Amino acid sequence: MLQGKKGIVFGVANHRSLAWFITKALSKAGAKLAITYQDKRFEQKLKKLADEELPIPPLTFLCDIRDDNRIEEVYRQLQDSFGGLDFIIHSIAFAAKEDLEGRFIQTSRSGFLLAMEVSVYSLSAIVRPALPLMEKGGSIVTLSYLGGQRVVPHYNVMGVAKAALESSVRYLAADLGEKNIRVNALSPGPFNTLSARGIKGFTGFLGHFQGKTPLQRNIEGEDVGNTALFLCSDLSKGITGETIYVDAGYHIMGS
Ligand code: IMJ
């Protein structure tokens with residue numbers, strides 16, 4: 001479905017990352033991919049994973065999304081290797097651990113700004129310098145969470161960040177529509193990744209969630225990967241500015 005298409009995925013940490021399930025789905029569909037990782041210590045594992053699990057070997061780049069020079073360098077290299085870009089996956093978020101434990105009102109100025117910079121501004125920061133590579137149109141996909149729309153215990157400043165991220169999706173969609181670049185968010189149900197582990201009561205939360213969804217189950221990585229594939233493909237060419245829930249129906253329920 002993506003033969004001849006080229007894309008970049010920001011935010012793979014390990015084999016449980018939603019970004020990794022998306023990478024696998026896009027690669028299986030025939031896309032040529034680049035993946036970025038945040039930390040040198042992810043590099044070896046990531047290259048091994050790519051060798052073992054991806055039908056088409058990806059390019060890999062170290063990229064700290066707080067460093068505009070580095071982002072530009074990554075796109076320069078992509079232009080040289082791919083000659084263009086059809087889609088971008090943004091799967092990046094961070095808040096200080098103490099801000100995901102206490103009460104929202106206790107969030108410090110620095111904790112608030114950190115969450116907003118890494119989890120929200122990073123989307124604009126990676127899309128803007130990619131535009132010269134997307135002259136034939138394209139698709140941008142980011143990852144949100146229900147905690148951006150409703151109060152979810154402990155999600156706190158990340159909820160405020162996801163609300164701003166979903167709003168960024170709408171403003172970017174309005175800006176880039178004339179270039180036939182679509183911008184959408186996925187909002188998956190809870191999933192056991194590195195960023196969910198270590199959160200107090202997460203395992204209990206998964207059990208609670210499973211019993212409440214219309215589909216009576218938790219989310220699988222493939223659910224998210226395949227919906228991202230849909231958003232990157234022409235099957236979704238009429239959809240932009242949208243947040244699509246991949247949550248087994250959880251968010252429709254009243255209790
Ligand atoms: C995160 C915190 C609180 C409740 C949560 C989550 N629930 C879910 C998550 C219910 C599903 C996971 N999630 C959707 C996230 O966006 C996680 C973001 C995150 C996680 C961490 C953990 C480690 C750390 N900083 C983080 N920053 C963002 O130090």
Side-chain angles (χ1 to χ4, degrees), residues 9-22 37-39 41-42 64-66 89-123 125 141-169 184-213 215 217-221 223-225 227-228 243-253 255:
V9 181
F10 290 83
V12 179
N14 62 25
H15 69 289
R16 303 222 32 101
S17 298
L18 287 173
W20 181 247
F21 284 93
I22 294 173
Y37 49 94
Q38 177 220 338
D39 197 310
R41 73 195 147 93
F42 295 146
D64 172 2
I65 47 76
R66 296 170 81 181
I89 308 296
H90 172 270
S91 184
I92 293 172
F94 188 80
K97 194 154 174 62
E98 72 242 36
D99 292 332
L100 300 173
E101 289 175 344
R103 287 156 66 82
F104 172 67
I105 196 169
Q106 298 296 349
T107 310
S108 66
R109 190 182 298 270
S110 64
F112 190 97
L113 292 175
L114 173 68
M116 293 298 271
E117 179 179 13
V118 176
S119 314
V120 186
Y121 185 73
S122 60
L123 178 63
V141 179
T142 184
L143 281 107
S144 192
Y145 177 58
L146 181 64
Q149 296 291 329
R150 318 252 185 88
V151 174
V152 173
H154 309 303
Y155 203 58
N156 297 0
V157 71
M158 273 309 306
V160 176
K162 291 304 192 188
L165 181 71
E166 291 180 20
S167 187
S168 297
V169 162
N184 294 288
L186 297 178
S187 185
F191 186 71
N192 200 355
T193 67
L194 196 58
S195 24
R197 265 211 308 268
I199 290 154
K200 267 190 211 145
F202 188 75
T203 312
F205 190 80
L206 278 179
H208 160 92
F209 178 89
Q210 174 168 10
K212 298 247 170 187
T213 66
L215 297 180
R217 66 170 177 88
N218 281 308
I219 289 308
E220 295 168 3
D223 299 333
V224 178
T227 312
T243 299
I244 299 183
Y245 287 87
V246 186
D247 68 347
Y250 182 83
H251 76 286
I252 69 169
M253 303 303 289
S255 79

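First listed ligand is number 1; within each ligand, the first listed atom is number 1. Quantities reported herein were computed from a predicted structural model and do not represent experimental measurements.
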Which option out of Tyr155, Phe209, Phe191 puts a heavy atom nearest to atom 15 (C) of ligand 1?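 Closest candidate by heavy-atom distance is Tyr155.
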
Quick one: which of Asn192, Leu18, Leu100 has a heavy atom closest to atom 21 (C) of ligand 1?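 Ranked by closest heavy atom to atom 21 (C) of ligand 1, first place is Leu100.
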
Exam field: side chain Arg16 to backbone Asn192, donor-acceptor pair closer than 3.5 Å: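 Answer holds: yes.
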
Backbone N/O of Gly102 and side chain of Asn156: donor-acceptor pair under 3.5 Å: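 Yes: the side chain of Asn156 pairs with the backbone of Gly102.
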
Report the nearest protein non-hydrogen atom to [atom]: residue, atom name, distance rounded to 0.1 Å.
{"atom": "atom 29 (O) of ligand 1", "answer": "Phe94 CE1, 3.5 Å"}
{"atom": "atom 6 (C) of ligand 1", "answer": "Ile199 CD1, 3.4 Å"}
{"atom": "atom 27 (N) of ligand 1", "answer": "Ala95 N, 2.9 Å"}
{"atom": "atom 22 (C) of ligand 1", "answer": "Ser195 O, 3.6 Å"}
{"atom": "atom 8 (C) of ligand 1", "answer": "Phe202 CE1, 3.9 Å"}

Taking the cut-offs as 6.0 angstrom to the six-membered ring centre and 45 degrees off its axis, would you call Arg150 and Tyr155 a cation-pi pair?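 No, a cation-pi geometry is absent between Arg150 and Tyr155.
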
Check ligand 1 against [X] and write out every atom of the ligand that is under 4.0 Å from a heavy-atom position of the residue.
{"X": "His154", "answer": "3 (C)"}
{"X": "Tyr145", "answer": "10 (C), 11 (C), 14 (C)"}
{"X": "Phe205", "answer": "10 (C)"}

Just to verify, which of Tyr245, Phe205, Phe209 counts as forming a ring pair (Phe, Tyr, Trp, His ring centres under 6.0 Å) with Tyr250?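 Among Tyr245, Phe205, Phe209, the one meeting ring pair (Phe, Tyr, Trp, His ring centres under 6.0 Å) with Tyr250 is Phe209.
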
Please round to the nearest 0.5 Å and tell me the distance separating atom OG of Ser187 and atom NZ of Lys162.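 Ser187 atom OG to Lys162 atom NZ measures 8.5 Å (nearest 0.5 Å).
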
Contact summary for Ser119 and Ala161, nearest pair of heavy atoms: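 Nearest heavy atoms, Ser119 then Ala161: CB-CB, 4.1 Å.
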
Count the heavy atoms of every other residue, nucleotide or ligand shown that sit under 6.0 Å from CZ of Arg66, and state whether that count exceeds 12.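 At most 12 heavy atoms, drawn from other residues, nucleotides or ligands, come within 6.0 Å of this atom.
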
